[in-house]
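So the structure is just underneath, and the comments pick up after that.
Chain identifiers are assigned alphabetically (A, B, ...) following the order of the sequence lines, protein sequences preceding nucleic acid strands; residue numbering begins at 1 within each chain.
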There are 2 protein chains.
Amino acid sequence: MKTPKISEAVVRRLPVYLRYLQELHELNIRTVSSYELGQKLDMNPAQIRKDLAYFGEFGRKGIGYEVIYLVEKIKQILKIDRHLNCALIGAGHLGIALSNYNRFTQEKLSIAAIFDNSPDKIGTPVGTLTIQPLDELEQMVRERDILIGIITVPAVEAQKVADRLVEAGIKGILNFAPTSLRVPAHVSVRNADLTTELQTLAYYID
Amino acid sequence: MKTPKISEAVVRRLPVYLRYLQELHELNIRTVSSYELGQKLDMNPAQIRKDLAYFGEFGRKGIGYEVIYLVEKIKQILKIDRHLNCALIGAGHLGIALSNYNRFTQEKLSIAAIFDNSPDKIGTPVGTLTIQPLDELEQMVRERDILIGIITVPAVEAQKVADRLVEAGIKGILNFAPTSLRVPAHVSVRNADLTTELQTLAYYID
DNA sequence: TAGATTGTTAATCGATTAACAATC
DNA sequence: TAGATTGTTAATCGATTAACAATC
């Protein structure tokens, strides 16, 4: 069950499989073949089988994959079968939108602290949390076992925030700021810059 | 200057180059080499040169790339040197956050209409726009020359919205809903599902 | 059993990187 | 000129796809 060296391309597809398998589960569909998955997700069935086979033998020859079982397995692989606490840094519109995004809590990924440095935001309640000053970042990361930082501050501040998160011992960063972050190799970064996405899309228009 | 067949990987890197070149420009830096770009962006300089060379000869041997010139060229390539109107469908927290995201307007990508079907949202002003009922989608797409749809509705409604956008003649979709959309080949889709990103990140934690 | 579908190997395809002549 | 750096070709590396024996 332990893994050799899985490419990022493979890892990025797992949540896509998971999402669709969960849809199937809600429709009470018990079993699905790589062919059916491929049809729906517009992917090659061989690729789907190969991706899954990196992590174990989850299917049955002649039958396909049991939906519930595969959901559980993928959750284990992604390590989202356990709780994972995130800190949100930047309580602007986007930050607030994310903290209200209930899907996070459903998925055992929860926002455990929100930070901002603007005096008129500090102390404001957001759901069950209260916006805290950035000074308290390191302490909260330790106290609340926070492993992921979600950066929604302006681009100019993003690197500073990233440095502090790294220093505080965080393991991953989801970066919404439109800038490239430099972090040590043991920290993972995923960029979710909306402008970048739209610009990529623009290329394909006409 | 016209292009053979550029892979998506190349296109996705162009906005990253652009973003950093714009930072350099603000710092009044005139010229940059592929080596320097590679250092900062953590990429192979040969890859950067090759990516750019697909579209033309933008550099000077022995010197490097002129920052302003390259910024303009990449904007042309991505087709963000001209205005591009987007429609936002779903005026929830995320939708509102996006419509307030001023970077869009800076970049000639503007949100030209906002739709939602909830009666208590219709008519509400958002910046210079007013939330409109989904019924008016097709008409607005035509009237305002909208080429891109940004979907921020719940997952269950996303495919329906996508179908209507396609039907209305849209060319690209930025999909924030956590579901895989099926669209015809002439329509591009980029997925920006935040849960998917966090799940991918979770894999790399520890 | 016959049909279906996996897991996996081998073949193909494509993307990244190294190397270097051209040249500013 | 000498040093630097591009654009591009060739070499390498990795990812996708096809094919098929194994087996439910």
Heavy-atom count around B:Y35 OH within 6.0 Å, excluding the residue itself: above 12?
no
Which residues share a side-chain hydrogen bond (donor to acceptor under 3.5 Å, both in side chains) with B:R12, sequence neighbours left out
B:E8
Taking it one step at a time, do B:K73 and B:F55 satisfy side chain to side chain contact (heavy atoms under 4.5 Å, CB included)?
CA-CA 9 Å; B:K73 281 298 173 187; B:F55 303 97; over 6 Å; no
Chain A footprint on DNA chain D, 5' to 3' - any atom under 4.0 Å from a heavy atom:
D:dA15 to D:dC24
Is the backbone N or O of A:N85 less than 3.5 Å from a side-chain atom of A:S110, with the two atoms forming a donor-acceptor pair by type?
no
Between B:G59 and A:A9, who's closer to the 5' end of DNA chain D by nearest nucleotide?
B:G59
Residues in salt bridge (charged side-chain N to carboxylate O under 4.0 Å, His left out) with A:D163, at least two apart?
none
Please list, in numerical order, the residues of residues 31-52 of chain B that have a heavy atom closer than 4.0 Å to any atom of DNA chain C.
B:N44, B:A46, B:Q47, B:R49, B:K50
With respect to B:L181, which candidate in B:V161, B:V166, B:I173 satisfies the side chain to side chain contact (heavy atoms under 4.5 Å, CB included) definition?
B:I173
What pairs of residues pass the side chain to side chain donor-acceptor pair (under 3.5 Å) test when at least one of them lies in residues 164-176 of chain B, not counting sequence neighbours?
A:D206-B:K171, B:E138-B:R164, B:N175-B:N191
Applying side chain to side chain contact (heavy atoms under 4.5 Å, CB included) to B:L137 and B:V141, what does each step give before you reach the verdict?
CA-CA 6 Å; B:L137 179 68; B:V141 166; 4.2 Å; yes
Quick one: do A:D42 and B:R182 make a salt bridge, cutoff under 4.0 Å?
yes
For A:T152 and A:F176, indicate whether the former's side chain and the latter's backbone hold a donor-acceptor pair under 3.5 Å.
no
Taking only Watson-Crick and G-U wobble pairs with both distances under 3.5 Å, what dot-bracket line describes DNA chain C, where [ ] shows pairs that cross earlier ones and | shows pairs with another strand?
..||||||||||||||||||||||
